[in-house]
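Taking it in order: structure first as structure tokens, then the write-up.
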Amino acid sequence: MSVSALQPLVLANGVFLDPVTGREEGGDLVAEAGVIRDFGHAVRGSRPDGATVVDCRGMVVAPGLIDMRAFVGEPGAEHRETLASASRAAAAGGVTTVVCMPDTNPPVDDPAVVDFLIRRARDTAVVRMLPAAALTKGLHGTEMAEIRLLTEAGAVFLTDGARSVTNAQVMRRALTYARDFGGLIVHHCEDPYLVGDGVMNEGELASRLGLHGAPREAETIMLERDLRLVRLTGGRYHAAMISCADSLAIIERARSEGLDVTCGVSINSLTLNENDIGPYRTFLKLSPPLRHEDDRLAMVEALADGLVDVIVSDHNPQDVETKRVPFAECADGAIGLETMLAAGLRLVHAGELELATLLRAMSTRPAEILGLPQGRLRKGAPADLIVFDAEEPFVLDPATLHSKSKNTPFDGARLQGVVHHTIVDGAVVHSAG
Amino acid sequence: MTSSAPRPRFPHRHLLGIEGLSPHDITALLDLADEAVDVSRQVEKKKAVLRGRTQINLFFEASTRTQSSFELAGKRLGADVMNMSVASSSIKKGETLIDTAMTLNAMRPDLIVVRHHAAGAVQLLARKVDCSVINAGDGAHEHPTQALLDALTIRRNKGRIRGLTVAICGDILHSRVARSNLILLNAMGADVRVIGPSTLLPPGIERMGAKVFTDMRKGLAGADIVMMLRLQRERMNGSFVPSVKEYFRYYGLDAEKLSCAKPDALVMHPGPMNRGVEIASDIADGAQSLIREQVEMGVAVRMAVLEALAGHLPNQPNP
């Protein structure tokens with residue numbers, strides 16, 4: 001990551017959108033030493049000595065996006081993605097902070113690996129890349145990893161990434177132990193036994209395609225179990241990605257009991273449904289699977305109501321070898337860092353969601369959950385910012401993506417919303433031509 | 001249909017499934033198959049429709065009857081037929097399906113007949129080659145020529161398909177035969193039922209046009225056709241049903257259960273049969289059984305499909 005910009009930065013004539021209040025204000029923004037010194041009409045025309053001035057006329061300026069869930073191939077699968085390539089994809093998509101999942105080879109279950117990732121990101125990445133660490137040794141779900149040492153080494157939360165911890169005793173003890181040092185446990189709720197051979201949402205469509213389905217109960221049973229364990233232990237818990245309406249009711253009940261529980265949803269589950277799989281499109285084979293349109297609509301509504309806290313990219317680079325095979329045999333996952341904003345703007349353009357709500361779920365809420373100072377547009381906050389045109393249309397050409405892998409579900413899609421500048425720590429790290 | 005009448009061109013380049021075929025397409029194929037039955041019963045069984053053409057049978061799953069049926073069908077129409085089975089192919093050496101498809105495509109075949117264990121694999125392959133592709137079974141998705149041969153067998157024995165009650169019994173969940181038959185029989189106006197334990201019924205099957213029964217006697221009541229499906233051995237050991245014994249007791253077709261169907265009901269099975277598991281031997285070999293006739297119709301239907309697709313093959317002399 002770049003060091004703080006030595007020169008001041010001025011974002012001139014933008015529309016400054018504070019996702020917390022939804023308030024829009026014209027004028028300029030001045031950043032110095034990596035923080036926002038001031039913005040709005042008060043500093044209009046202010047040009048500190050040696051300042052870099054970026055013209056933002058007609059564009060929205062908002063806090064940089066914070067993605068709580070991205071899989072990066074470093075270490076172990078650098079042919080799919082490195083910290084450097086993922087960070088360039090993130091910068092192009094307006095994501096200024098990326099939390100990297102521990103599903104690497106070796107997995108992030110040793111403090112030395114956390115240290116390696118932090119140093120490697122510092123040296124090669126253009127945005128903030130924060131490691132998440134394994135909850136269990138080897139991500140095997142049986143023995144607790146050194147979660148306190150991992151957290152002290154710099155891991156932002158503890159998770160077994162794409163895997164579920166099926167053993168309730170392990171989860172109970174982890175929640176209990178992590179409570180002592182305020183560790184956050186993030187869990188992918190999907191019972192692998194109930195998923196079985198399932199490769200898409202269970203139902204009529206799967207039956208028609210001759211594919212085995214994964215029921216929603218694979219998610220809801222695991223989520224229900226976890227929340228009962230949270231009630232038992234008082235631990236801090238975040239459901240990584242929920243995918244169906246039934247899960248919302250479970251979250252809602254836990255919240256009403258006052259449990260410290262948050263949840264995320266993937267951008268794919270918010271903007272696509274099972275019908276998009278069409279003729280066995282492998283880029284849409286995801287975990288959790290894309291569900292019914294009713295589930296999608298329920299999650300969009302829950303996002304607007306604040307029941308769903310964050311939107312994640314669930315960025316998961318897969319290469320040709322793992323995706324150009326029959327649907328049932330291909331790997332799960334889609335890339336998303338570079339398209340999450342434009343995909344999310346579909347909801348805004350369709351009138352399903354306010355822009356401020358979208359940005360809050362992609363910046364402010366993740367920052368609050370992670371305890372980061374980013375994600376807010378205010379004086380003294382870190383100058384991690386994006387400048388984007390929410391209306392500008394484009395057709396997604398995978399060849400133009402910065403990610404090393406091209407498995408995007410928006411291949412050839414018509415989208416609106418282009419990030420023109422991405423600023424991290426007061427320095428411009430990406431500008432679109 | 002008389003041979004002097006001009007035959008409209010079959011409007012599809014591939015046969016990937018029954019889904020997408022109109023009742024008219026299906027009727028045209030069955031009419032063509034009726035003629036092929038006559039050809040196959042002559043001393044001179046050869047036609048020249050595919051003379052000079054190359055047909056590759058690419059089977060990723062072991063098959064005896066379907067593969068030999070396609071081989072005979074191709075040969076009777078004059079094609080050069082090559083069989084490629086997985087055991088001897090580079091798939092074993094790690095080649096992907098798409099690479100195999102492109103390699104075969106470079107050999108300029110006119111037709112590829114594919115069976116694969118994954119649903120959608122044949123569609124995937126069809127997108128990568130220039131020739132016509134016939135689905136000989138893809139996972140639990142479709143097996144269109146089986147449904148067509150079943151329809152031909154029914155039509156020749158009952159004189160019609162419309163209005164008949166057809167009960168499909170057994171492992172519907174894993175069966176591509178059941179799916180293709182369900183789509184075809186519905187399209188042709190039959191009344192379709194599926195019968196099996198709930199663990200072997202796919203979710204949402206009732207919305208695909210089937211009446212669902214878990215009680216075999218009730219499901220067979222009034223049926224004109226009883227279509228039995230094979231139950232794989234690995235699915236009878238406690239995973240989907242507790243045991244062979246229990247399965248046969250409730251879902252095996254014996255004389256007593258068959259007596260619930262119409263007196264003139266006919267029994268079918270796509271093969272290979274597990275005698276004593278889903279069907280009793282005396283029923284399989286009995287007077288109501290059409291099982292051997294289905295095999296004969298299989299060759300005829302595959303000849304009809306090959307002939308219908310011949311109008312779309314690459315390298316046409318008159319484009």
Side-chain angles (χ1 to χ4, degrees), chain A residues 192-220 244 246 273-285 289-295 318-332 406-407 411-412, chain B residues 14 16-20 60 91 94-102 114 116-128 135 137-144 172-180 182-183 186 194 199-210 212 234-235 239-240:
Chain A
Y193 301 108
L194 207 42
V195 169
D197 295 329
V199 293
M200 68 173 289
N201 185 38
E202 183 171 295
E204 181 186 355
L205 191 60
S207 294
R208 282 186 187 278
L209 289 170
L211 296 171
H212 287 288
R216 293 171 179 83
E217 283 68 18
E219 174 174 307
T220 55
C244 60
D246 287 351
N273 67 34
E274 59 181 352
N275 293 314
D276 289 300
I277 290 168
Y280 304 97
R281 289 178 62 202
T282 58
F283 289 177
L284 286 98
K285 178 159 174 259
L290 294 172
R291 306 280 186 196
H292 196 268
E293 175 67 2
D294 292 343
D295 291 302
Q318 294 292 339
D319 50 46
V320 169
E321 288 70 35
T322 52
K323 279 292 190 185
R324 269 195 5 153
V325 293
F327 193 88
E329 296 170 3
C330 79
D332 294 328
K406 309 297 178 190
N407 55 311
D411 188 345
Chain B
H14 306 300
L16 301 179
I18 298 296
E19 185 90 65
F60 293 88
I91 306 297
E95 191 176 63
T96 67
L97 173 65
I98 289 175
D99 286 335
T100 304
M102 306 225 272
V114 190
H116 197 277
H117 46 82
V122 181
Q123 278 191 32
L124 178 66
L125 186 140
R127 285 201 293 271
K128 305 291 174 188
N135 183 357
D138 64 323
H141 182 222
E142 283 233 43
H143 190 355
I172 313 289
L173 180 66
H174 300 94
S175 178
R176 52 192 171 222
V177 175
R179 276 175 187 70
S180 288
L182 191 52
I183 300 165
N186 267 307
V194 296
T199 47
L200 293 175
L201 294 172
I205 186 81
E206 67 287 348
R207 288 196 291 279
M208 292 171 69
V212 180
E234 64 269 21
R235 292 173 186 143
S239 52
F240 289 87

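Every chain is numbered from 1, with letters handed out A, B, ... down the list of sequences.
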(request) Against chain A, label B:Arg179 side chain, backbone, both or neither, depending on which of its atoms sit under 4.5 Å from a heavy atom there. (result) side chain
(message) For the interface with chain B, which of A:Ser207, A:Pro279, A:Gly203, A:Pro326 has the highest count of heavy-atom pairs at distances below 4.5 Å?
(response) A:Ser207
(message) side-chain contact (heavy atoms from CB on, under 4.5 Å) for A:Phe327 and B:His141? Distances and angles first, verdict last.
(response) CA-CA 12 Å; A:Phe327 193 88; B:His141 182 222; over 6 Å; no
(message) Once rounded to the nearest 0.5 Å, what's the spacing between atom CZ of A:Arg324 and atom OG1 of B:Thr96?
(response) 6.5 Å
(request) May I ask you to name which of A:Val199, A:Val325, A:Thr282, A:Leu209 has the most heavy-atom pairs under 4.5 Å with chain B? (result) A:Leu209
(request) Applying side-chain contact (heavy atoms from CB on, under 4.5 Å), run through B:Glu19 and A:Arg208 and close with a yes or a no. (result) CA-CA 10 Å; B:Glu19 185 90 65; A:Arg208 282 186 187 278; 4.3 Å; yes
(message) Is the shortest side-chain heavy-atom distance between A:Glu329 and B:His117 below 4.5 Å?
(response) yes
(request) Could you tell me which of B:Glu206, B:His116, B:Arg176 has the largest number of non-hydrogen atom pairs under 4.5 Å with chain A? (result) B:His116
